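See below for the structure under consideration.
Model, not experiment: these values are computed from the prediction. Residue numbers begin at 1 in each chain, while the letters A, B, ... track the order of the sequences.
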Protein chains: 2
Amino acid sequence: MKKTAPTIRDVAAAAHVSTATVSKFINGAQRFSPKVEAAIESAIAGLGYKSNPLAKSMITGRTNTIGLSVLDITNPHFSSILKGANRVAHDQGFSVLLVDTEETPSRERRTLEELSRRVDGMIVFSRMREHEMTWMTEIDKPLVFFGSLAQLPLPTVASDDHGGAYMLAQHLRMLGHRRIAYLGFSKSRRDEERLGGIRESLNAAGLELAIFDAEAPSLAEGERLCSAIVLGSQRPDALICYNDLMALGFMKEASNLGISIPQDISVVGFDNIPYGKYTTPALTTVDLQSERMGATAMEKLLAVIRGQHVEKLTKVAPQLILRASTVARRP
Amino acid sequence: MKKTAPTIRDVAAAAHVSTATVSKFINGAQRFSPKVEAAIESAIAGLGYKSNPLAKSMITGRTNTIGLSVLDITNPHFSSILKGANRVAHDQGFSVLLVDTEETPSRERRTLEELSRRVDGMIVFSRMREHEMTWMTEIDKPLVFFGSLAQLPLPTVASDDHGGAYMLAQHLRMLGHRRIAYLGFSKSRRDEERLGGIRESLNAAGLELAIFDAEAPSLAEGERLCSAIVLGSQRPDALICYNDLMALGFMKEASNLGISIPQDISVVGFDNIPYGKYTTPALTTVDLQSERMGATAMEKLLAVIRGQHVEKLTKVAPQLILRASTVARRP
DNA sequence: CTGTTAGCGCATTCAC
DNA sequence: GTGAATGCGCTAACAG
């Protein structure tokens with residue numbers, strides 16, 4: 001039946017024009033006499049012709065595809081980023097090629113270098129430290145990076161993690177908490193920033209900070225580290241978690257251990273994933289605007305691709321989401 | 001500097017061989033004399049040559065890319081499917097091009113038809129009814145569909161929704177529930193199957209089923225419909241939700257309304273999303289094996305692409321996840 | 001084993 | 001306005 005799909009040549013022949021004319025007409029690069037245009041249109045319709053995007057891409061060098069690299073697509077923070085990025089891309093006629101590095105940075109460089117040849121630009125979320133990322137600037141495609149960069153001349157979209165963490169700590173302090181702990185994830189580049197924000201707040205009050213470190217930013221790790229935190233010799237009266245997933249895991253296990261939240265310990269997180277609102281009690285957190293960040297990064301990248309000038313750093317302001325229930329006032 | 005990337009011709013010239021030789025060597029299609037191979041290798045290294053995947057794809061017709069179309073990537077059910085599919089794809093050297101139809105089927109056909117030209121095969125999750133899907137069989141690329149199909153000759157991967165729902169209903173019945181309600185989502189093709197499973201169980205006992213219908217399979221809809229369910233004239237003693245998201249939304253609002261779960265009403269869901277385990281009480285649900293389904297679908301598709309024979313239908317067995325806390329025994 | 005020769009389907013000069 | 005010619009970077013016969 002349809003052994004070989006019709007090519008632009010078939011259309012040209014059927015419409016009694018040249019392939020060049022058909023090409024220009026299809027791409028709207030030029031107008032033609034009504035007679036010719038009608039002939040082309042009916043030839044296209046008659047043959048059911050569809051331009052071959054692969055051939056087109058090879059010629060133009062543009063694929064209308066954007067690569068997006070995230071650390072773990074099942075983490076709601078990243079699904080939301082993807083959601084926002086995908087929506088913008090779709091609206092502007094682009095597709096998203098996803099890379100889920102699954103927290104394993106070993107093949108990240110090769111993967112991204114290969115990816116770069118198949119897309120018009122990429123958006124990258126990575127755990128790599130800045131000094132091991134210089135190769136990214138040598139990739140011959142527009143790139144937008146998530147997180148702030150001190151040296152590398154790459155456009156970035158970042159949340160104000162330091163500020164968000166500071167807000168969280170201030171909030172806890174104002175409610176009277178004195179023994180604050182941080183359940184962090186030191187492998188992340190943002191961990192330092194959050195830690196910095198917390199420290200800035202606590203130092204001003206001369207408060208100590210107890211630190212626990214997770215192996216992964218996951219529900220399971222929050223669960224696992226719970227007992228060490230609440231059954232240690234000096235139980236904190238408030239815990240700031242690296243993200244909401246860890247906070248949820250922690251809360252569940254605390255409940256199993258007979259610890260009441262927030263009576264025995266207040267808990268707060270980062271990200272504002274949807275599920276934090278649906279636990280009991282509901283989780284106080286910092287909204288990092290994941291979906292908006294994804295959308296912003298995509299908008300920025302598409303602007304770069306179009307040759308427009310963009311700011312190096314786009315900062316998305318965090319918002320403290322107060323759900324009083326995981327946080328109590330201390331005497 | 002690197003104005004034009006080196007082509008296979010540059011390599012051939014530098015190694016004093018023909019482009020055909022370089023091509024075959026790169027693709028491992030043939031071995032050559034050590035001298036030639038060494039020359040090619042050093043030429044490649046010297047020039048920093050990378051094969052242009054676009055040109056290669058145009059020739060071979062293979063892109064090493066799989067299209068995956070889902071309904072809403074922020075739904076954990078779908079992120080898990082994507083996770084499983086992506087892992088298998090990655091292991092076999094394929095990338096995933098994601099399409100998030102966002103529950104809007106209007107442009108679905110065009111989107112998928114366009115997508116089909118850029119990938120080697122696709123995996124599709126859709127709300128479309130079977131009779132409006134015949135065009136899918138005419139797409140000239142391997143396609144694996146999620147869900148069971150009565151007529152269409154498409155390979156599919158499906159969960160046993162009927163069976164899972166039956167298990168759920170049986171479980172509730174055996175614990176003494178008599179007034180069971182279903183919070184469904186009739187726009188979904190799987191809604192009927194789940195309803196069928198529930199009915200099969202209840203009919204055997206001569207029990208009625210109250211049905212509520214959501215506009216979307218979301219947290220917010222579960223929340224919204226809660227009051228109508230629990231504050232109606234005949235409050236059910238158990239509620240089966242179309243999915244876990246709706247169940248979580250329902251549970252939260254029920255708690256706000258002063259309704260205790262499971263004392264006042266038992267709640268169960270579908271999917272076994274990770275967050276169901278972390279609510280209080282933890283949610284009893286049917287595990288549909290999302291990640292495995294994604295992996296299975298990808299394996300099946302890659303087999304088809306390789307020309308291997310595959311079963312029309314691959315069924316993934318559901319598993320009841322008992323978390324006693326959302327379900328009570330009735331007198 | 002290695003090279004020659006054709007294209008793949010399309011966009012793009014540059015003529016007319 | 002329109003078309004003939006050229007080539008993108010690569011692979012696929014077919015020769016030798």
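Within the structure, every side-chain polar atom (N or O) of S23(B) is placed at least 4.0 Å from both OP1 and OP2 of dC10(D). Side-chain N/O atoms of S18(A) include none lying less than 4.0 angstrom from OP1 or OP2 on dA4(D). Remark: T60(A) is not in phosphate contact with dC10(C), judged by side-chain N or O atoms under 4.0 Å from OP1 or OP2. At the phosphate of dC8(D), neither OP1 nor OP2 sits under 4.0 Å from any side-chain N or O atom of N52(B).
Remark: nothing in residues 37-47 of chain B comes within less than 4.0 Å of DNA chain D through any heavy atom.
Among the protein residues, S57(B) comes within range of no part of the nucleic acid, since none of its heavy atoms lies under 4.0 Å from any strand. Residue F25(B) is out of contact with every strand shown, counting any heavy-atom pair closer than 4.0 Å.
Rounded to an integer number of Å, the gap from I8(A) CD1 to dT6(D) C1' is 15 Å. Computed from coordinates, the L54(B) CG to dC10(D) P distance equals 11 Å when rounded to whole Å. What separates CG of N27(B) from P of dT11(D) is a distance of 5 Å, to the nearest Å. Distance, R118(B) CZ to dC10(C) P: 14 Å, rounded to whole Å. Separating the OH atom of Y49(A) from the C1' atom of dC10(C) is a distance of 7 Å, rounded to the nearest angstrom. As rounded to whole Å, 20 Å separates atom P of dC8(D) from atom CZ of R62(A).
Not counting sequence neighbours, the partners of K300(B) by the side-chain hydrogen bond (donor to acceptor under 3.5 Å, both in side chains) test are T314(B). With sequence neighbours left out, F146(B) forms a ring-ring contact (aromatic ring centres under 6.0 Å, His included) with F125(B). In this structure, E108(B) has no salt bridge (charged side-chain N to carboxylate O under 4.0 Å, His left out) partners at least two apart in sequence or on a different chain. With sequence neighbours left out, S290(B) forms a side chain to side chain contact (heavy atoms under 4.5 Å, CB included) with H77(B), S80(B), I81(B). Shown here are the side chain to side chain contact (heavy atoms under 4.5 Å, CB included) partners of E299(A), two or more places apart in sequence or in another chain: V88(A). With sequence neighbours excluded, the residues satisfying side-chain hydrogen bond (donor to acceptor under 3.5 Å, both in side chains) with T65(B) are R118(A). Residues passing the side-chain hydrogen bond (donor to acceptor under 3.5 Å, both in side chains) test with S148(A): none are found, sequence neighbours excluded.
Mapping A20(A) and S51(B) onto DNA chain D by nearest heavy atom places A20(A) closer to the 5' end of the strand.
Residue pairs meeting the salt bridge (charged side-chain N to carboxylate O under 4.0 Å, His left out) criterion with at least one partner in residues 73-84 of chain B, sequence neighbours excluded, are D72(A)-K83(B), D100(A)-K83(B), E102(A)-K83(B). Among pairs with a residue in residues 33-59 of chain B, those fulfilling salt bridge (charged side-chain N to carboxylate O under 4.0 Å, His left out) read R31(B)-E37(B), at least two apart in sequence or across chains.
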What nitrogen or oxygen pairs link the protein and nucleotides 6-8 of chain C at under 3.5 Å?
unit_1, atom_1, unit_2, atom_2, d
dC8(C), OP2, R9(A), NH2, 3.3

Pairs under 3.5 Å (N/O, protein and nucleotides 14-16 of chain D):
none

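Put simply, CG on L112(A) and OG on S126(A) are 7.5 Å apart, with the number rounded to the nearest 0.5 Å.
With a 6.0 Å radius and a threshold of 12 heavy atoms from other residues, nucleotides or ligands, R110(A) has its CZ atom at or below the threshold. Atom CZ of R292(B) is surrounded by 12 or fewer heavy atoms from other residues, nucleotides or ligands within 6.0 Å.
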